[in-house]
Every structure is written in C-alpha cells, then in structure tokens.
Amino acid sequence: MAACTFFGHQDAPASVMPRLRSVLVELIQQRGVDQFYVGRQGDFDAMVRRVLVELAEIYPHISYAVVLERLPTQRDAWNPLPCDHTLFPEGLETVPPRFAIHHRNEWMLGHSDFVVTYITRRSASAVVPVSGGDAPGASLLRV
C-alpha cells in the first residue's frame, strides 16, 4: 500500500491529461499505489480528480480524497466538489486562512510516498511544496 499526492499550476492545459493518466496507471499497476490525495485549486487538480474518478471504476481497490484546506462555507454551496471523497486534516481548523493551503500541502506530502507534479515555471503555490527536499521520503514524478 502506497499513497500519492499532486502539485501543479492552476492553469495546466488539457494536453497534460493523457500523460497524467499514464503516470497514474503506472503508479497503480507497477508501484502499488492505492491511495491518492489531491487539492482543489485549479485546472491541474481538476484534471487529477477526473482521471481518478475514471480509474476508480477500472481499479476498484484504489481510493482518493480531495484534501480540503478549509471547511466548506455557505458560499461554497454554489460550487460543490464533483465527488464526495473529501478529507479535512486534523488541526487545520486552527491554522490562519492565509497559511491554510501551505499547511494542507505539508500534510499531503507527509502522508505520501509519491508526488506527481506539473510545473513549467516558478510560482509559490506549485514549486514551494516540492522543491528543497520538503518530501524527503517521497519519489517525485513529473508530468
């Protein structure tokens, strides 16, 4: 049993999806990954969720969770997540909103054996979690 998380740009192009799918199939079939943690900020996360929903039909032993950076509020009701697989890390409710995504990302890294990234340029949100050795035990795979 192994786990995987994801980091990438909010504006990732749809052309990434076939490569993303093949990386996930390899992780499932050859590396024994059966748990996936994904965020909810932008196109890359949305692509990951779509692929995981599809792959869960083919590989029923896998599970995935959208890891929330904050608890949903009334304003979120107009845009619900496309799945009911959500997780809110314990202790995150005490983190100031400004630091919530960073702490959520650290939680995902700490619970993962593999990290899949789509990074084409430096940006604080996509690069910081996976640069500088923040995932010491995790294998890094680039899409």
Side-chain angles (χ1 to χ4, degrees), residues 1-28 30-57 59 61-143:
M1 296 176 68
C4 177
T5 194
F6 306 86
F7 296 100
H9 296 301
Q10 290 186 12
D11 60 350
S15 61
V16 169
M17 207 152 168
R19 172 73 177 132
L20 174 63
R21 187 182 191 288
S22 70
V23 166
L24 293 182
V25 168
E26 176 188 335
L27 286 169
I28 294 165
Q30 298 176 13
R31 310 244 186 139
V33 176
D34 59 0
Q35 178 65 52
F36 297 90
Y37 300 113
V38 62
R40 62 175 179 167
Q41 277 76 34
D43 294 340
F44 185 69
D45 288 345
M47 276 187 269
V48 170
R49 288 193 310 268
R50 282 194 298 274
V51 172
L52 287 172
V53 167
E54 172 192 330
L55 292 178
E57 294 290 321
Y59 304 98
H61 69 283
I62 69 167
S63 61
Y64 60 92
V66 176
V67 184
L68 304 176
E69 76 285 354
R70 61 179 167 73
L71 291 171
T73 63
Q74 282 288 59
R75 68 181 173 160
D76 295 321
W78 66 271
N79 189 20
L81 288 169
C83 68
D84 58 359
H85 305 267
T86 60
L87 184 148
F88 187 72
E90 186 176 340
L92 205 56
E93 68 279 359
T94 64
V95 174
R98 177 178 179 184
F99 303 111
I101 291 174
H102 174 76
H103 283 271
R104 186 269 323 262
N105 290 351
E106 285 184 349
W107 184 94
M108 292 192 317
L109 283 171
H111 288 80
S112 297
D113 304 293
F114 296 91
V115 179
V116 175
T117 65
Y118 174 75
I119 300 171
T120 60
R121 63 188 181 281
R122 287 200 62 74
S123 76
S125 61
V127 176
V128 170
V130 294
S131 66
D134 288 342
S139 297
L140 183 64
L141 302 157
R142 299 184 198 285
V143 176

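Here, residue 1 is the first one in the sequence, and each next residue gets the next number. Side chains are part of it too, since the values below use all heavy atoms of this structure and drop only hydrogens, waters and symmetry mates.
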>> Once rounded to the nearest 0.5 Å, what's the spacing between atom OH of Tyr37 and atom OG1 of Thr5?
In response: 9.0 Å
>> Measuring only between side-chain heavy atoms, which start at C-beta, is Ile28 closer than 4.5 Å to Asp34?
In response: no
> So how far is it from Arg104 CZ to Gln41 CD, rounded to the nearest 0.5 Å?
Replying inline: 4.5 Å
> If you measure from CG on Leu52 to CG on Leu20, what distance do you get to the nearest 0.5 Å?
Replying inline: 7.5 Å
> Hey, mind stepping through Val53 and Arg50 against side-chain contact (heavy atoms from CB on, under 4.5 Å) and telling me if it holds?
Replying inline: CA-CA 5 Å; Val53 167; Arg50 282 194 298 274; 5.9 Å; no
> Which atoms form the tightest heavy-atom contact between Val25 and Leu55, and what is the distance?
Replying inline: CG2-CD2, 3.9 Å
> Looking only at atom types and distance, does a side-chain atom of Arg49 sit under 3.5 Å from a main-chain N or O of Gly39, one as donor and one as acceptor?
Replying inline: yes
>> Could you check, using the six-membered ring where one of them is a Trp, whether His9 and Phe44 have ring centers closer than 6.0 angstrom?
In response: no
>> Under the criterion side-chain contact (heavy atoms from CB on, under 4.5 Å), I'd like the reasoning laid out for Val116 against Leu27: C-alpha separation, chi angles, the key distance, then a yes or no.
In response: CA-CA 10 Å; Val116 175; Leu27 286 169; 3.8 Å; yes
> Do you know the tightest heavy-atom contact between Phe88 and Leu68?
Replying inline: CD1-O, 3.7 Å
>> Quick one: does any side-chain atom of Asp113 pair with a main-chain N or O of Ala3 as donor and acceptor, under 3.5 Å?
In response: yes
>> Using side-chain contact (heavy atoms from CB on, under 4.5 Å), reason through Gln10 and Asp43 one step at a time and then give a plain yes or no.
In response: CA-CA 5 Å; Gln10 290 186 12; Asp43 294 340; over 6 Å; no
> Rounded to the nearest 0.5 Å, how far apart are CE of Met47 and OH of Tyr118?
Replying inline: 7.5 Å
> What is the minimum heavy-atom distance between Ser112 and Cys4, and which atoms define it?
Replying inline: OG-C, 3.7 Å
>> For Glu93, I'd like to know if atom CD has over 12 heavy atoms of other residues, nucleotides or ligands within 6.0 Å.
In response: yes
> Can you tell me how far CZ of Arg40 sits from OG1 of Thr86, rounded to the nearest 0.5 angstrom?
Replying inline: 8.5 Å
> Any idea which heavy atoms bring Ala100 and Glu69 closest together, and the distance?
Replying inline: CB-O, 3.2 Å
>> If I compare all heavy atoms of Ala65 with all of Gln35, which pair ends up nearest, and what's the gap?
In response: N-NE2, 4.1 Å
>> For Trp107 and His103, I'd like to know if the aromatic rings sit close, meaning centre-to-centre distance below 6.0 Å.
In response: no
>> How long is the straight-line distance from CZ of Phe99 back to CG of Leu92, given to the nearest 0.5 Å?
In response: 13.0 Å
> Do the rings of Phe36 and Phe6 sit parallel, tilted or perpendicular, given the 30° and 60° boundaries?
Replying inline: parallel
